[in-house]
There are 2 protein chains.
Amino acid sequence: MNPTHNRKKDMTRDQIVKAAIQVFGGKSFLEANISEIAQKAEVAEGTIYQHFKNKEDLLFFIPRERTAAFCEGLELHLQGIQDASNKLAKFAWYYLYFFKENPEYARIAMLELRVNKNFQKTKGYRLFRGWSDTLLDIIKEGQEEGTIRADMDLHIIQELLLGVLEHYVTRWLLKDEKWDLLEFRGHAVDLVLNGIRARDVQGTQGEVARKEKPAEIMSARKKTFKNKQMV
Amino acid sequence: MNPTHNRKKDMTRDQIVKAAIQVFGGKSFLEANISEIAQKAEVAEGTIYQHFKNKEDLLFFIPRERTAAFCEGLELHLQGIQDASNKLAKFAWYYLYFFKENPEYARIAMLELRVNKNFQKTKGYRLFRGWSDTLLDIIKEGQEEGTIRADMDLHIIQELLLGVLEHYVTRWLLKDEKWDLLEFRGHAVDLVLNGIRARDVQGTQGEVARKEKPAEIMSARKKTFKNKQMV
DNA sequence: TCACAAAACTGAACAGTATTCATTTTTAAA
DNA sequence: TTTAAAAATGAATACTGTTCAGTTTTGTGA
């Protein structure tokens with residue numbers, strides 16, 4: 001068979017992945033079982049193993065499709081926004097909006113993939129976190145603009161933002177999506193942006209947990225991050 | 001047998017829990033297996049099921065012991081510190097310090113329990129999150145002192161702090177504890193404290209994501225939180 | 001010290017589910 | 001239409017959590 005004519009196989013694979021999102025999105029990895037996925041996808045259990053090495057491999061494949069959709073939407077929503085602060089606010093909004101609209105995927109991403117050590121080593125993970133470069137660019141832009149404090153490494157700020165957003169989505173999921181995920185967005189984002197905003201510090205109240213001078217901090221941290229690969 | 005004389009049973013239970021911490025702390029819930037725990041605890045597999053309903057029940061029992069240790073240490077380390085900001089800084093330090101010293105428990109708490117929907121309904125969970133009232137008290141104190149911004153609900157600030165801390169511990173674990181967990185503490189805490197610090201806002205740069213007036217925000221949110229039980 | 005009943009423990013048997021693989025069916029080019 | 005490769009099948013297998021009938025240990029009262 002000609003390698004370009006592998007439509008059929010792709011189609012059943014898509015069916016399987018679609019079914020997997022439904023099943024994995026509704027119960028934990030452990031509780032979800034292959035037979036149910038096979039049934040939903042209208043294939044035999046054995047068929048799944050022609051497309052995926054095992055149950056975990058199938059789980060790890062899921063973000064590929066959704067990440068692409070996430071990135072497309074993000075690009076679109078960021079277009080036309082001028083300064084970095086507004087871009088960050090928009091980013092946070094879109095992030096929460098996306099998971100609100102994709103609750104099944106949210107459960108998979110936040111409650112399974114995000115805390116899975118094996119997933120960190122997969123191709124899917126790089127896509128999953130690939131878009132975070134966009135975030136780094138925005139932060140850098142803000143630092144150059146002078147609207148975001150430059151006395152701190154990019155990655156620290158990035159981790160702060162992602163940490164808070166992931167946390168809010170996770171809490172929302174664990175509480176059975178009882179409230180609107182976007183409800184507290186303004187306040188949470190306000191706190192974070194307030195924290196990273198540049199201002200003329202006069203040492204008025206800024207003595208807590210800051211023993212080194214700004215310049216030293218930045219250069220030192222950049223090196224450390226590169227060596228230790230925090231992100 | 002007299003119900004007060006159940007020492008023997010408690011001892012084997014402790015052995016089992018200790019072994020469970022080791023095994024669950026070294027691999028995922030799925031990869032960990034009962035036979036290994038039984039072997040490490042020097043009991044038969046069947047014995048475990050006399051103490052715990054099932055594998056998950058055993059996992060959920062683990063935080064009981066460690067939470068007590070966490071709280072004791074926290075109380076001790078907070079003693080003698082005067083203002084709320086320094087208490088929060090100390091809280092963050094102690095939080096990270098504790099998980100740095102208990103990496104096995106950290107893996108269980110952050111990568112398994114924290115994202116487990118079933119765990120949220122257990123007795124262990126209430127202990128696990130019980131100490132967070134301490135955090136609420138400190139934040140309230142800061143708001144009354146005037147050092148922490150009072151135009152925002154307590155719980156929003158609490159979630160921000162916990163979110164960031166949990167996120168940093170999680171990243172550290174997923175990257176195989178490659179760096180010192182306390183290394184970036186100063187910077188992360190600085191960002192958060194900077195964000196929640198009270199200051200005389202003149203509307204200089206504070207227009208992002210803040211469409212309502214401070215007073216309205218607070219009263220509205222307090223109600224919402226109570227109704228929807230975010231925490 | 002012994003008897004004995006309750007508590008605690010044991011491990012082989014059981015059950016449920018992920019995975020394998022020999023076989024059948026489908027596909028598409030010749 | 002033929003045919004060989006690709007794809008799909010599902011019964012058999014293997015692995016692991018859980019059960020339970022039987023054994024051992026414990027503590028008490030005679």
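First the proteins, then the strands, lettered A, B, ... as listed; each starts at 1.
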*State whether A:H51 places a side-chain N or O below 4.0 Å from either non-bridging phosphate oxygen (OP1 or OP2) of D:dA7.*
no

Side chains of residues 35-49 of chain B: which donor-acceptor pairs under 3.5 Å do they make with residues two or more places apart or in other chains?
| residue | atom | partner | partner atom | Å |
| --- | --- | --- | --- | --- |
| B:E36 | OE1 | B:K27 | NZ | 3.2 |
| B:T47 | OG1 | B:A44 | O | 3.4 |

*For atom CD of A:Q50 and atom P of C:dT26, their distance in whole Å*: 15 Å

*Relative to the ring of A:F61, is the ring of A:F52 parallel (under 30°), tilted (30 to 60°) or perpendicular (over 60°)?*
perpendicular

*Could you tell me whether the side chain of A:N102 and the main chain of A:F98 form a donor-acceptor pair under 3.5 Å?*
yes

_Within the 6.0 Å centroid threshold, strictly below: A:F24 and A:F29_ = yes

*asked:* So if I take the C1' atoms of five pairs at each end of the helix from C:dT1-D:dA30 to C:dA30-D:dT1 and get each local axis, what angle do the two axes make, rounded to 10 degrees?
replied: 0°

*Would you call the rings of A:Y105 and A:F99 parallel, tilted or perpendicular if under 30° counts as parallel and over 60° as perpendicular?*
parallel

*Gap between atoms CZ and C1', on B:R13 and C:dC9 respectively (whole Å)*: 16 Å

Show each protein N/O and nucleotides 16-19 of chain D N/O combination with a separation under 3.5 Å, one pair to a line.
| residue | atom | partner | partner atom | Å |
| --- | --- | --- | --- | --- |
| D:dG17 | OP1 | B:A32 | O | 3.3 |
| D:dG17 | OP1 | B:K55 | NZ | 3.1 |
| D:dG17 | OP2 | B:I34 | N | 3.0 |
| D:dT18 | OP2 | B:Y49 | OH | 2.6 |
| D:dT18 | OP2 | B:K55 | N | 2.8 |
| D:dT18 | O5' | B:Y49 | OH | 3.4 |

*Are any of the side-chain heavy atoms of A:I157 and A:L136 separated by less than 4.5 Å?*
no

*Once the angle between the rings of B:Y97 and B:Y94 is folded into 0 to 90°, is it parallel (under 30°), tilted (30 to 60°) or perpendicular (over 60°)?*
tilted

*Could you state the CD1-P distance from B:I48 to C:dG11, rounded to the nearest angstrom?*
13 Å

_Mutual orientation of the aromatic rings belonging to B:F70 and B:W131 [parallel < 30°, tilted 30-60°, perpendicular > 60°]_ = tilted

*Find the distance A:F52:CZ to D:dA7:P and express it as a whole number of Å.*
14 Å

_Can you see if the side chain of B:T12 gets near the phosphate of C:dC9 - specifically, an N or O under 4.0 Å from OP1 or OP2?_
yes

*Rounded to whole angstroms, how far apart are CG on B:D10 and C1' on C:dC9?*
15 Å

